[in-house]
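To keep things clear, I will list the structure first and then write my remarks on it.
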2 protein chains.
Amino acid sequence: MYKIEINDFFTSAFSVDCVIFGYSDGEIKALLIQRGMEPYTHFWAIPGDLVYPSEDLPDAAQRILHELTGLENVEMHQSRTFGSPNRHPQGRVITISYFALIRISDFEIKASSWAEKAMWVSLNDIPELAFDHNQILSSTYELLKQKLSNEPICFEMLEQRFTLNEFQQLYEYAFDQTLDKANFRKKIKPLPLVPSNESQKNVRHRPAKLFSFDYEKYSSAVKDDNFQFKL
Amino acid sequence: MYKIEINDFFTSAFSVDCVIFGYSDGEIKALLIQRGMEPYTHFWAIPGDLVYPSEDLPDAAQRILHELTGLENVEMHQSRTFGSPNRHPQGRVITISYFALIRISDFEIKASSWAEKAMWVSLNDIPELAFDHNQILSSTYELLKQKLSNEPICFEMLEQRFTLNEFQQLYEYAFDQTLDKANFRKKIKPLPLVPSNESQKNVRHRPAKLFSFDYEKYSSAVKDDNFQFKL
DNA sequence: GCAAAAGTGTTTGGATTACACCCATGC
DNA sequence: GCATGGGTGTAATCCAAACACTTTTGC
């Protein structure tokens with residue numbers, strides 16, 4: 001029935017790749033590592049590694065991200081799966097990409113295990129990466145943009161407290177368009193943003209008020225009021 | 001560095017599962033097969049099977065769908081990947097789900113290989129399926145609904161020529177809401193629908209005009225005019 | 001004529017756009 | 001004072017919802 005013995009199917013491995021996005025200095029950045037191991041030694045890459053045979057995929061993503069970059073407790077979501085027969089020189093390796101958004105300033109990055117370095121790289125400056133990682137990164141970025149339109153995930157990468165202009169600029173960057181300030185603010189009126197008492201400091205213009213996003217209020221608005229995020 | 005030898009990673013298999021959606025009698029249906037093989041013998045399942053070690057994923061999806069159901073030349077798109085360690089009783093098997101929409105009347109379904117039967121099952125009547133296939137099916141249906149809003153894929157499951165009401169009813173079914181006829185027609189005004197000379201036959205009311213969707217015009221509108229489908 | 005669905009027009013209110021203007025701070 | 005960005009109001013326009021109405025077929 002099969003062209004090969006059933007046991008010959010069980011000769012593949014699979015990996016997870018963790019695409020971590022962050023936002024600072026007006027740019028979206030991805031967390032990359034430099035490989036200190038064959039193959040593609042010294043190439044930059046998305047943090048990722050082989051999954052143990054009895055390990056669940058989300059657990060593997062957490063473990064591997066921690067081993068390579070020191071990041072802990074980052075909840076990731078599945079992106080796409082890449083499985084070209086020759087994408088990995090050491091054998092058949094399917095990779096499942098996961099992604100997450102984090103606040104760059106909330107975490108300390110520390111390369112370890114076989115990662116020689118780890119750093120945030122602006123999406124504008126991505127070099128040639130190991131394996132098919134350029135493709136993985138750009139296809140995951142497309143997914144991110146799609147989610148930015150339909151879910152309030154931008155607040156996972158903005159500072160805990162942000163100005164409305166920072167909020168706006170993130171969308172202007174992602175969708176490569178300028179937005180009208182007044183209209184943007186009207187559009188976000190329905191969102192549960194809580195103003196804080198504090199304002200920007202040390203700016204040579206009127207300081208902006210700082211806001212934070214109320215996740216609780218958002219969840220209950222979705223449940224009770226059928227609220228839908230759309231930007 | 002690893003807890004196991006590198007070669008012990010290469011002990012997994014992976015499969016593709018092909019979620020095929022169709023539309024008839026006012027209901028969205030999925031193509032299911034009855035398994036004639038261990039495990040889950042006689043259970044209904046999404047058509048799927050193991051991928052050969054050197055086979056690309058989209059090729060495998062095409063091959064497997066053809067082997068089990070006789071369907072040929074169905075272009076599928078990737079959905080999600082499912083990889084719980086114990087989802088398959090015979091070993092570690094990751095599955096990548098693919099999906100496609102087809103016109104039920106355009107194809108003849110014929111169970112073969114280890115598929116005992118193959119049939120279209122309304123999404124309202126899905127039984128308990130083999131493996132985690134219920135989960136795969138419902139998560140792929142969510143993806144389908146999302147795409148129905150943003151891409152003109154509904155025309156892949158509607159008859160080649162359809163009435164505007166059939167078009168509307170598909171969306172009413174998928175999103176479980178009734179729509180105003182006049183408003184729906186205003187909304188679809190920008191779409192490149194070509195009226196045919198023919199009309200409905202044998203209905204005991206005014207026959208509706210039949211339309212078809214002009215993919216060429218759509219593509220060029222997307223390119224030249226930055227047109228975006230949204231329903 | 002009547003039932004049933006096809007097909008179209010009008011009104012209304014809310015959202016989106018474009019744009020103008022005032023405000024608070026550092027220097 | 002002035003440069004700089006923060007912050008808000010208004011009018012014009014577009015769009016979506018609600019609803020009413022006319023048309024064409026089979027019986």
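So that the names make sense, note that chain A is the first sequence line, chain B the second, and so on, each numbered from 1.
A heavy-atom distance below 4.5 Å is not found between the side chains of B/T81 and A/I94. Residues B/I20 and B/M76 form a side-chain contact, since some pair of their non-hydrogen atoms from C-beta on lies under 4.5 Å apart.
For the residue pair B/D17 / B/T95, a side-chain donor-acceptor distance below 3.5 Å is found, with atom types taken as modelled.
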- [ ] For side chain to side chain contact (heavy atoms under 4.5 Å, CB included), just list the numbers for B/M157 and B/E159, CA-CA rounded to whole Å, side-chain angles, deciding distance to a tenth of an Å, and then say yes or no.
- [x] CA-CA 6 Å; B/M157 61 199 319; B/E159 295 293 323; over 6 Å; no

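When the P atom of D/dA16 is taken as reference, atom NZ of A/K230 falls 13 Å away, rounded to whole Å. Taking atom CZ on B/F184 and atom P on D/dA17, their separation rounds to 12 Å, with Å as the unit.
Sorted by first then second residue, the ring pair (Phe, Tyr, Trp, His ring centres under 6.0 Å) pairs that include residues 96-116 of chain B, not counting sequence neighbours, number zero. Residue pairs meeting the ring pair (Phe, Tyr, Trp, His ring centres under 6.0 Å) criterion with at least one partner in residues 178-217 of chain B, sequence neighbours excluded, are B/F155-B/F213, B/F167-B/F184, B/F213-B/Y215, B/F213-B/Y218.
The outermost nucleotides of DNA chain C lying under 4.0 Å from heavy atoms of chain A, listed 5' to 3', are C/dT17 to C/dG26.
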Quiz: residues 220-231 of chain B side-chain donor-acceptor pairs under 3.5 angstrom, not counting sequence neighbours:
unit_1, atom_1, unit_2, atom_2, d
B/S220, OG, B/E216, O, 3.2
B/S220, OG, B/K217, O, 3.1
B/K230, NZ, B/N150, OD1, 2.9

Donor-acceptor pairs under 3.5 Å, side chain of residues 23-35 of chain B to any protein atom, not counting sequence neighbours: which ones?
unit_1, atom_1, unit_2, atom_2, d
B/Y23, OH, B/L170, N, 3.4
B/S24, OG, B/K29, NZ, 2.9
B/D25, OD2, B/K29, NZ, 3.3
B/E27, OE1, B/S122, OG, 3.4
B/E27, OE2, B/N124, ND2, 3.1
B/Q34, NE2, B/H42, O, 3.0
B/R35, NE, B/P39, O, 2.8
B/R35, NH2, B/P39, O, 3.0

TODO: Assign a letter to each nucleotide of nucleotides 2-12 of chain D from its 5' end: B, base within under 4.0 Å of a protein heavy atom; S, sugar-phosphate only; -, no contact.
DONE: --BBBBBBB--

